[in-house]
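Quick caveat: nothing in here was measured; it's all calculated off a predicted structure. In each ligand, atom 1 is the first atom listed, and ligand 1 is the first ligand listed.
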Amino acid sequence: MLKIGALVSGGGTNLQAIMDAVDSGDIDGKIVTVVSNRKDAYALERAKKNNIETAWISKKQFSSVDEYEDALIEHFKSRDVGLIVFAGFMVILTSKFTDAFKNKIINIHPSLIPSFCGQGFYGLKVHEAALEKGVKVTGATVHFVDSGADTGPIIAQKAVEVEEGDTPEILQKRVMEQAEWVIFPEAVRLFAEGKLIVENNIVRRVE
Ligand code: GRF
């Protein structure tokens with residue numbers, strides 16, 4: 001059974017969607033550890049309620065990014081995880097970390113990549129930018145993580161309509177409900193079943 005590790009920074013609704021899919025048996029795996037860079041992230045409470053080990057590992061505890069990433073790598077390797085999910089994780093890690101788990105890290109991003117992604121596009125800022133541009137459709141993307149910001153191979157995307165009168169907050173909620181909480185657990189399920197193959201930076205789904 002696939003051992004899954006998670007990195008989180010915030011409320012953890014995406015983590016919740018994955019925990020629910022594990023509990024219902026949809027995902028053939030087990031979340032073994034949830035790590036936050038923020039001590040007060042509500043995602044840690046959600047994990048504790050599910051009897052999952054939690055840890056706080058932050059850059060602040062180390063004198064360099066290198067040491068921080070060493071600690072994260074050691075944490076996940078010692079727990080033998082086969083997949084790491086970035087479930088609302090707001091830190092960009094270097095190739096040191098991403099190469100240690102190549103094609104074994106999955107991120108959720110709240111836009112249709114390559115729109116509104118990369119450095120500076122996180123949280124509500126993504127939805128603010130979408131509304132400022134006046135796009136009529138936005139959505140979410142699940143992708144493997146490489147050393148760039150939101151540049152890794154795309155696993156799944158789902159479109160969501162922008163509606164008249166949307167605020168960034170309203171749009172964020174609709175994108176989460178209609179797209180993120182649907183495609184993120186689905187991507188983890190496919191990964192756990194060995195159905196995602198990466199070739200030349202393109203994800204192919206095999207049956
Ligand atoms: C989500 O919109 C996710 O796509 C983005 O940050 C938000 C985190 O929400 N990266 P949550 O912590 O999963 O509730």
Side-chain angles (χ1 to χ4, degrees), residues 4-23 27 31 33-50 52 54-58 83-93 97-98 105-132 135 137-163 166-189 191:
I4 304 166
L7 273 164
V8 297
S9 300
T13 60
N14 279 290
L15 175 71
Q16 189 68 54
I18 293 170
M19 290 192 301
D20 291 348
V22 166
D23 287 347
I27 294 173
I31 304 174
T33 188
V34 174
V35 179
S36 176
N37 61 307
R38 292 188 46 187
K39 234 182 203 166
D40 61 350
Y42 186 66
L44 294 176
E45 300 308 314
R46 292 180 187 268
K48 282 178 198 156
K49 276 187 202 153
N50 253 48
I52 298 169
T54 59
W56 171 61
I57 306 178
S58 155
L83 173 69
I84 297 172
V85 291
F86 284 7
F89 182 53
M90 302 297 184
V91 179
I92 296 175
L93 299 177
F97 185 85
T98 56
I105 309 170
I106 295 181
N107 181 48
I108 179 82
H109 181 77
S111 77
L112 295 173
I113 290 175
S115 288
F116 313 116
C117 64
Q119 204 84 36
F121 286 100
Y122 57 89
L124 272 182
K125 288 182 194 290
V126 179
H127 305 291
E128 280 164 14
L131 291 176
E132 250 162 49
V135 294
V137 172
T138 183
T141 302
V142 194
H143 63 94
F144 283 112
V145 176
D146 62 15
S147 59
D150 302 324
T151 53
I154 293 171
I155 300 167
Q157 296 186 294
K158 191 163 189 286
V160 173
E161 302 264 329
V162 178
E163 291 176 15
D166 270 354
T167 62
E169 289 80 6
I170 292 171
L171 185 56
Q172 179 182 51
K173 187 164 177 277
R174 188 178 315 114
V175 168
M176 282 178 152
E177 288 171 353
Q178 295 184 6
E180 296 184 42
W181 304 340
V182 178
I183 60 174
F184 202 15
E186 171 69 2
V188 174
R189 179 181 74 76
F191 182 95

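K48 has a carboxylate O that lies under 4.0 Å from a charged side-chain N of E45, or vice versa, which qualifies the two as a salt bridge.
The contact shell of ligand 1, taken as protein residues with any non-hydrogen atom closer than 4.0 angstrom, comprises G10, G11, G12, T13, N14, G88, M90, I108, P110, M176, E180.
Sequence neighbours left out, the pairs with a member in residues 9-19 that pass side chain to side chain donor-acceptor pair (under 3.5 Å) are S9-N37, T13-W181, N14-E180, Q16-D20, Q16-R46.
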Please list every donor-acceptor pair under 3.5 Å in which a side-chain atom of residues 153-162 meets a protein atom from a residue at least two apart or in another chain.
{"residue": "Q157", "atom": "NE2", "partner": "I113", "partner atom": "O", "Å": "3.0"}
{"residue": "Q157", "atom": "NE2", "partner": "T141", "partner atom": "OG1", "Å": "2.9"}
{"residue": "K158", "atom": "NZ", "partner": "Q178", "partner atom": "O", "Å": "2.9"}

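By the side-chain hydrogen bond (donor to acceptor under 3.5 Å, both in side chains) test, H127 pairs with no residue at all, sequence neighbours left out.
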Under the side-chain contact (heavy atoms from CB on, under 4.5 Å) rule, what do V175 and V126 come out as? Steps first, then yes or no, please. CA-CA 11 Å; V175 168; V126 179; over 6 Å; no
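Residue F86 qualifies as enclosed at atom CZ: its count of foreign heavy atoms under 6.0 Å is above 12.
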